[in-house]
Each structure stands twice: as structure tokens, then as C-alpha cells.
Amino acid sequence: MEHCLTHHKLLPLPSPISTLKPRSAVNFSPKYQALTRRLTVVAGAGASSHCEFSSLNSPLDPRTRSGKDLSSVLQNHPQLFHLAVAQELKQLADERQDARCRMNLSAQSHEACLHRRIAQLKEQQCQIAVEDVMYLLIFYKFSEVKVPLVPKLSKCLYNDRLEILPAKDWELESIYSLEVLEMIRVHVTTVIGLRANSSVTDNWAMTKITRQTLGRVYVASILYGYFLKSVSLRHRLERSLFLESQDLHLSCRTSLQEMSPHGTKSLIFGHIGKIQSECVGSNRLEKTHGKLKCYVMGFDPETLQRCAKLRSEESVNLIKNHCCALFGDDAEMGSPETDEVISTSFSSLKRLVLEAVAFGSFLWDTEECIDSVYKLKEN
């Protein structure tokens with residue numbers, strides 16, 4: 001699983017958001033004060049220079065009119081943001097469909113080539129606009145937990161040293177269930193070597209890492225968050241279906257027992273049969289009711305790959321563009337001779353990894369909601 005920031009290519013790597021239907025301002029939660037909070041990135045202990053950035057200063061800027069308009073709504077009228085998103089997606093879907101209809105209607109005319117080209121251009125324009133919408137929805141989800149996205153690292157490095165404050169660990173971990181959080185902590189330990197129960201001294205110990213390696217870790221963590229969201233929902237669905245089937249089976253059996261002239265005897269033998277069936281089906285029960293980690297370990301390679309795969313091209317492009325904006329797209333960065341070495345603390349590395357995992361989880365939610373209004377392009 002690698003992400004080459006140098007060549008701008010993303011190699012194959014392994015609580016839904018609010019509905020996008022229009023809704024009135026009174027249905028929103030209290031005003032999102034996180035939108036106006038400021039996060040300070042301190043560039044080195046004791047250094048006189050540091051960079052401050054507002055919580056709306058995300059690494060990736062909107063590239064389309066749709067993105068810029070929604071960004072303005074998010075800053076000035078956050079209570080209307082979801083309504084604006086719903087209207088924008090509907091308009092984009094209509095524009096794309098109109099271009100396709102004109103192309104189909106002119107298929108036999110001398111203007112067929114022209115309308116086909118217009119439809120292709122409209123498809124590209126709408127795709128970029130939808131990527132902007134997806135990015136702002138992800139940003140909005142971060143604002144809900146009062147976590148600003150880390151800005152471009154080029155703004156936050158001082159003498160090749162990086163510190164990100166505050167850490168926001170609690171906020172970034174609060175969005176998961178205990179089972180998912182357990183797997184995320186194992187991931188953090190694996191990729192940066194920081195134990196879940198590490199001391200404050202361990203957290204603030206310094207380490208060195210190249211910018212390219214940091215970018216790869218960030219991308220891998222995005223995809224891991226995306227994967228965890230997919231499998232956790234799958235696990236929950238299978239467990240729910242299994243419980244419903246068990247309830248249905250018990251209900252049918254009880255009805256038959258009540259109709260039997262030997263009801264008491266049937267109940268006794270029925271109870272024994274229930275125990276036997278539970279023993280026979282213990283493997284399935286353990287699979288659906290066990291820990292998420294055990295459930296994932298039972299996946300065959302095909303299921304594992306299906307859950308890990310990004311579902312849309314828009315998501316692939318969004319991850320690539322976000323990471324290039326965050327870590328830089330210097331053409332020489334991929335070279336071992338010129339790749340920049342960064343000094344940072346394990347706490348800052350953890351902050352980046354937790355942000356990336358949350359980004360992947362929010363990306364899955366965003367895909368799910370947008371696809372119901374604007375059909376995304378299958379990856």
C-alpha cells in the first residue's frame with residue numbers, strides 16, 4: 001500500500017453523516033463553534049516562529065464554483081450547509097443528465113460528435129464539482145467533533161521540525177465504537193510504534209521520518225479507516241439479520257407447540273432441541289456476535305478485498321488531491337537523495353494517523369449519502 005506523492009498516483013490499497021435531504025435550520029444541533037476556533041501548530045519547542053491557521057484553512061482549496069459557494073455557506077451560514085449541499089447535488093445531477101439526453105437525441109445527426117464531446121466535458125466538470133462537495137462534507141464532519149484539518153505541512157515546518165497542537169486525540173477517538181477503537185489503536189501502534197498505554201514522556205519523544213514515508217502512512221490510514229467503516233457496518237447488519245432469524249424461528253416453534261395436544265412434553269423436548277441447535281450453530285453465533293477483530297479475521301481474500309476497495313473514482317481522486325495538497329507535490333520528493341527528513345514527536349504522528357483514519361471513515365459516509373442523489377462513478 002503506497003501512495004506516490006511525487007507522481008500524483010494512488011496505487012491500489014486496501015455514524016453516517018446527516019442526510020442530504022433539505023432540512024430547516026431548527027433541526028440542526030447547536031452552532032458549530034469549531035468553525036471559528038483556531039488551531040495553533042507550533043514549529044519547534046521554544047521557537048519564536050509558529051503558524052496559526054483558522055479551522056477553515058484546509059489543505060485542499062475548492063476548485064469549482066460549486067465548491068467555493070458551499071465553502072462560503074459553511075463559513076457564514078453553517079446551519080444552511082446541508083440544504084445548500086442537497087440543492088447543489090441535485091443541480092449537478094440534472095446538468096449531467098441533460099447533457100447525456102442531448103447526446104442520445106443527436107446520436108443520428110451530424111452534430112452527434114459535438115454533443116458527445118459536450119457530454120464528456122460536462123461529466124468531467126460535474127465530477128470535479130462533486131469531489132469538492134465531498135471534501136467539504138468531510139470537513140464538516142471534522143468540525144462537528146471540533147477537529148480542524150491539519151493544513152499544508154509546508155506552512156508548519158520550522159527548521160525541518162513539526163509539532164501539531166493540540167493533539168485532539170480524545171475528539172478523534174470519540175467517533176468510534178469500542179470495538180473499532182481497539183482496532184484503530186492497534187493500527188496506530190503498528191504504523192508509528194506508539195503503544196496505546198504509553199506515557200506522556202513517550203508521547204513527546206522525538207523521532208525522524210521522511211515526508212514521503214509520512215505521506216504513505218497517512219494514505220494507508222485513510223484506507224484503513226474506510227475499510228473499518230465498511231466492515232463494522234457489515235458486521236452490525238449480519239448480527240441484526242441473525243438475531244431476527246433466531247426470533248422468527250423461536251416464534252414459529254412456539255406457535256406449533258401451543259397447537260400440539262402434548263404441549264408440556266413438546267416444550268421440554270423443544271428446550272433440549274434448542275440447546276442442541278445452539279451447540280451446532282455456535283460457530284455462526286461466535287462469528288456474528290464475536291468481536292469485530294475476530295469477524296474480520298474470518299474473511300476470505302475476496303471479501304477482504306471487496307471491503308477494502310474504494311467504491312468510486314471520486315474518492316480515489318479526492319484522497320490523491322488531499323494528500324498532495326497536505327504533503328506537497330514537489331517533483332523531487334520521491335527521490336531518496338532529496339526526500340526531506342522531518343523531526344517530530346510521536347504525539348504529532350498519532351494526530352496525523354488518527355486524522356487520516358477519521359478521514360477514511362467520513363469518506364465512506366459521504367460516498368453513501370452523495371450516491372443517493374448524484375450517482376458516483378464506479379471505481
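In what follows, every heavy atom counts, from backbone to side chain, and hydrogens, waters and symmetry copies are set aside. Treat the numbers as computed from the prediction; the structure is a model and nothing was measured.
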Is there a side-chain contact between [X] and [Y] in this structure, where contact means two heavy atoms from C-beta onward sitting under 4.5 Å apart?
X	Y	result
Lys293	Glu179	no
Leu178	Glu182	no
Leu349	Ile192	yes
Leu214	Thr210	no
Phe299	Arg234	yes
Phe362	Tyr140	no
Ile118	Met103	no
Arg306	Arg311	no

task: Evaluate the side chain to side chain donor-acceptor pair (under 3.5 Å) criterion for residues Tyr176 and Arg185: first the C-alpha distance (whole Å), next the side-chain angles of each, then the deciding distance (0.1 Å), finally the verdict.
output: CA-CA 11 Å; Tyr176 308 108; Arg185 286 172 175 168; over 6 Å; no
Derivation and outcome, side-chain contact (heavy atoms from CB on, under 4.5 Å), residues Tyr374 and Leu376: CA-CA 6 Å; Tyr374 179 99; Leu376 298 173; 4.1 Å; yes
- prompt: For Glu313, does the CD atom have more than 12 heavy-atom neighbours from other residues, nucleotides or ligands under 6.0 Å away?
  reply: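 More than 12 heavy atoms, drawn from other residues, nucleotides or ligands, come within 6.0 Å of this atom.
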message: Tell me whether Leu318 shares a hydrophobic cluster with Val316, the cluster being built from Ile, Leu, Val, Met, Phe, Trp, Tyr side chains joined at under 4.5 Å.
response: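 Yes, Leu318 and Val316 fall within the same hydrophobic cluster.
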message: Please say yes or no: joined through hydrophobic side-chain contacts below 4.5 Å, possibly via intermediate residues, are Val200 and Leu165 part of one cluster?
response: yes
query: Among Leu363, Ile370, Leu70, whose side chain to side chain contact (heavy atoms under 4.5 Å, CB included) with Leu137 holds?
result: Ile370
Is it the case that the side chains of [Y] and [X] hold a donor-acceptor pair, with the cut-off being a distance below 3.5 Å and no angle test?
X	Y	value
Glu95	Gln91	yes
Glu163	Ser345	yes
Asp69	Ser72	no

task: Go through Val188 and Leu354 one step at a time and tell me if the side-chain contact (heavy atoms from CB on, under 4.5 Å) criterion holds.
output: CA-CA 8 Å; Val188 171; Leu354 288 177; 4.1 Å; yes
message: Would Glu111 and Ser106 count as a side chain to side chain donor-acceptor pair (under 3.5 Å) here? Give the steps.
response: CA-CA 6 Å; Glu111 295 181 343; Ser106 62; over 6 Å; no
query: If you take all heavy atoms of Ala167 and Ser347, which pair is closest and at what distance?
result: CB-OG, 4.0 Å
- prompt: If you look at every heavy atom in Ser221 and Val353, which pair is closest and at what distance?
  reply: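 The pair with the smallest heavy-atom distance is OG-CG1, 3.5 Å.
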field: Any donor-acceptor N/O pair, Asn379 side chain to Leu310 backbone, under 3.5 Å
entry: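 Confirmed, Asn379 side chain pairs with Leu310 backbone.
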Lys/Arg-Asp/Glu bridge criterion (N-O < 4.0 Å) met for Lys229, Asp365: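 Judged by the 4.0 Å cut-off on N to carboxylate O distance, Lys229 and Asp365 do form a salt bridge.
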field: Electrostatic pair Arg351-Asp169, nearest N-O below 4.0 angstrom
entry: no
message: Apply side chain to side chain donor-acceptor pair (under 3.5 Å) to residues Glu355 and Tyr218 and explain how you reach the verdict.
response: CA-CA 9 Å; Glu355 175 183 290; Tyr218 192 88; 2.6 Å; yes
- prompt: Please walk me through it: do Trp364 and Leu233 pass side-chain contact (heavy atoms from CB on, under 4.5 Å)?
  reply: CA-CA 11 Å; Trp364 197 98; Leu233 292 176; 3.2 Å; yes
task: Could you please spell out the steps behind the side-chain contact (heavy atoms from CB on, under 4.5 Å) verdict for Leu136 and Val85?
output: CA-CA 9 Å; Leu136 288 169; Val85 167; over 6 Å; no
From CA spacing to verdict: side chain to side chain donor-acceptor pair (under 3.5 Å), Asp202, Ser199: CA-CA 5 Å; Asp202 293 334; Ser199 65; 3.2 Å; yes
- prompt: For Ser315, which of Glu367, Lys377, Lys320 qualifies under side-chain hydrogen bond (donor to acceptor under 3.5 Å, both in side chains)?
  reply: Glu367
Please table the atom pairs, donor to acceptor, closer than 3.5 Å between any side-chain atom in residues 128-135 and protein atoms at least two apart or in another chain.
from, atom 1, to, atom 2, distance (Å)
Glu131, OE1, Arg63, NH2, 2.9
Glu131, OE2, Asn317, ND2, 3.0
Asp132, OD2, Arg63, N, 2.9
Asp132, OD2, Thr64, N, 2.9
Asp132, OD2, Thr64, OG1, 2.7
Tyr135, OH, Leu60, N, 3.4
Tyr135, OH, His322, ND1, 2.9

